[in-house]
Amino acid sequence: MNTALLYHLLDVDPADGPAELLHRARGSRHLPHLVLSALAREDVRMGEPARAELRRARARADRYAGLALDLARSTGVRAIHGLPLAGYYPADLLRPQDGLDLVAPGEAALWQAVVRLVTDHPVETIDVTLLGDRPHHTAVTVRWPAEDPLLDPWYRVRLATAALPGDCATVPVRPYLVADDHVECLIALAEAQLRTRAGGGATGAAGAGAAGAAGVGAAGPPDPLTLLDLSCLTDQPFEPAETAAVLAAYRLAPEAAALLDLAAPLLPLGTLAAVRTALTPELAPERRRRAEAAAGPRLPVRHGTLLRRTVIRHTWDEARLLGAGDSREGALLLTPVADYLLGAPDASPTLADRSTALDALHHWDTHC
């Protein structure tokens, strides 16, 4: 990867220079940090404010990597998507890190990791989402301020018991990722395309969408970061037939094919070109499967509205559901760090709902 690719993907004329490249990057997520690192690698002159911004971004990325390593050792969770993709970038280029994504081997490990984060960091928000009924998957996002919250984004760590949440309609939850690291990274990029087409973050921390399209709908070109991620994977040893079979098994053949088709005019695909060819026979079967699945029930999604933070319940391995039952709105979710009222992701509880829920918590406190 070189600066010429950045000019190309950000649609900047190289004659306009690095200032215009950085200006364009500031409108695209956290790409300014990658552009700054690319310019620093080429010894482009920059002032102290730019160098300070780059140092803070590197420190942020290092902190996320340290968190992932520490939590992997202590709880068994492991990083997916962003951090593994960053490992394929040249050492002196900084892949943007807007958060840390972790998958847990089970609910107990997830809450152990959350407790560790709450204990070690000034966590201010803890969002919880449940996917499904019995059994359900849990997704949690914790956030805390950066050292300079006026200049830098908050730290954000997303943990889930399902590696791939799907779209809640035609693509199911797939709990585990079992593949070579570079194949897992390609799977993560395809899953992100699924979520983009499905409508974003209907499931909060899990990021699953809510659309039920039977195939791949119309989509614009991928964002520059996705294309840069792909460019870092093009020289990896993908085995075309095996990779296509894995993508099909994870129900992501249409998204992977669409992503590679959109990327092909913009960058050399390398070994991924053969993967795209091998995906062709997998597309029609997956589209038929989705068309059939669209007629079935949707996966229930319940978001937790915070009722109260609690003293850490160190003896709890898992959360507890109380009240309206496991599969209906209005249930109470008691976790090792906070208590929540469950409801639809796009609905806010009324004052009466909150009052009833707090009364139920008071009853539980005094009788359990």
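Looking at Arg24 and Asp16, no side-chain N of the basic residue comes within less than 4.0 Å of a carboxylate O on the acidic one, giving no salt bridge. Here Arg288 does not pair with Glu292 in a salt bridge; the nearest charged N to carboxylate O distance is not below 4.0 Å. Under 4.0 Å is where a charged nitrogen must lie from a carboxylate oxygen, and between Arg195 and Glu255 no such pair does. Salt-bridge annotation for Asp167 and Arg290: absent, with no side-chain N of the basic residue lying under 4.0 Å from a carboxylate O of the acidic one. With respect to Arg289 and Glu286, a salt bridge is recorded, a charged nitrogen being found less than 4.0 Å from a carboxylate O.
His81 and Arg158 share no side-chain donor-acceptor pair at under 3.5 Å. Of the N and O atoms on the side chains of Asp353 and Thr350, at least one donor lies less than 3.5 Å from an acceptor on the other residue.
Ring-plane geometry between Tyr155 and Tyr64 is classed as perpendicular, the angle between the planes exceeding 60 degrees on a 0 to 90 degree scale with a lower cut at 30.
For the pair Leu260/Leu230, a side-chain contact is recorded, criterion being any heavy-atom separation below 4.5 Å from C-beta on. Taking the side chain as every heavy atom from C-beta outward, Tyr250 and Val178 approach each other to under 4.5 Å. You'll find the side chain of Trp144 stays beyond 4.5 Å of the side chain of Pro149, heavy atoms only. Using a 4.5 Å cut-off on side-chain heavy atoms (C-beta onward), Pro165 and His137 make no contact. Side-chain contact between Leu54 and Leu39 is absent, with no heavy-atom pair separated by less than 4.5 Å. Contact annotation: the side chain of Thr335 never approaches that of Val114 to less than 4.5 Å [non-hydrogen atoms, C-beta and beyond].
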Could you walk me through whether Arg63 and Glu147 pass the side chain to side chain contact (heavy atoms under 4.5 Å, CB included) check?
CA-CA 12 Å; Arg63 190 168 187 186; Glu147 286 76 5; 2.8 Å; yes
Mind running side chain to side chain donor-acceptor pair (under 3.5 Å) on Ser74 and Arg116 for me, showing each step along the way?
CA-CA 9 Å; Ser74 60; Arg116 183 71 176 267; 3.1 Å; yes
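Without hydrogens or angle criteria, Arg174 side chain to Ala249 main chain gives no donor-acceptor distance under 3.5 Å. Here the side chain of Ser355 pairs no donor or acceptor atom with the backbone of Leu351 at under 3.5 angstrom. Side chain of Asp223 to main chain of Thr226: a donor-acceptor pair is present (N/O by atom type, distance under 3.5 Å, no hydrogens or angles). Checked by atom type and distance alone, the side chain of Thr271 pairs as donor or acceptor with a backbone atom of Thr234 at under 3.5 Å. Between the Thr161 side chain and the Thr138 main chain, a donor and an acceptor come within less than 3.5 Å of each other. The backbone N or O of Arg58 lies less than 3.5 Å from no partner atom in the side chain of His33, so there is not a single donor-acceptor pair. Remark: side-chain polar atoms of Arg251 are not paired, donor with acceptor, to backbone N or O of Val171 under 3.5 angstrom. With Arg156 contributing its side chain and Asp98 its backbone, the two residues share a donor-acceptor pair below 3.5 Å. Thr366 contributes a side-chain N or O that, together with a main-chain N or O of His363, makes up a donor-acceptor pair within less than 3.5 Å. With Arg78 contributing its side chain and Val103 its backbone, the two residues share no donor-acceptor pair below 3.5 Å.
Of the candidates Leu6, Val44, Leu36, Val12, Leu22 forms a side chain to side chain contact (heavy atoms under 4.5 Å, CB included) with just one, namely Leu36. Looking at Thr356, Thr305, Leu342 one by one, the single match for side chain to side chain contact (heavy atoms under 4.5 Å, CB included) with Pro349 turns out to be Thr305. Under the side chain to side chain contact (heavy atoms under 4.5 Å, CB included) rule, Val275 has a single partner from Leu269, Thr243, Leu233, which is Thr243.
Rounding to the nearest 0.5 angstrom, the gap separating the CG atom in Leu67 from the CG atom in Leu100 is 6.5 Å.
Enclosure of atom CG in Leu151 by more than 12 non-hydrogen atoms of other residues, nucleotides or ligands within 6.0 angstrom is indicated. Annotation for Arg45: atom CZ does not count as buried by contact number, only 12 or fewer foreign heavy atoms lying within 6.0 Å.
Val128 and Leu306 fall within the same hydrophobic cluster, where Ile, Leu, Val, Met, Phe, Trp and Tyr residues are linked whenever their side-chain heavy atoms come under 4.5 Å apart, directly or through other members. Ile126 and Val311 fall into different hydrophobic clusters, where Ile, Leu, Val, Met, Phe, Trp and Tyr are joined by side-chain heavy atoms under 4.5 Å apart, directly or via other members. In the hydrophobic clustering of this structure, Leu283 does not group with Leu189; members are Ile, Leu, Val, Met, Phe, Trp, Tyr whose side-chain heavy atoms approach within less than 4.5 Å, directly or through other members.
The minimum heavy-atom distance linking Ala257 with Leu279 is given by the pair N-CD1, 3.8 Å.
Glu107 pairs by the side-chain hydrogen bond (donor to acceptor under 3.5 Å, both in side chains) definition with Trp111, not counting sequence neighbours.
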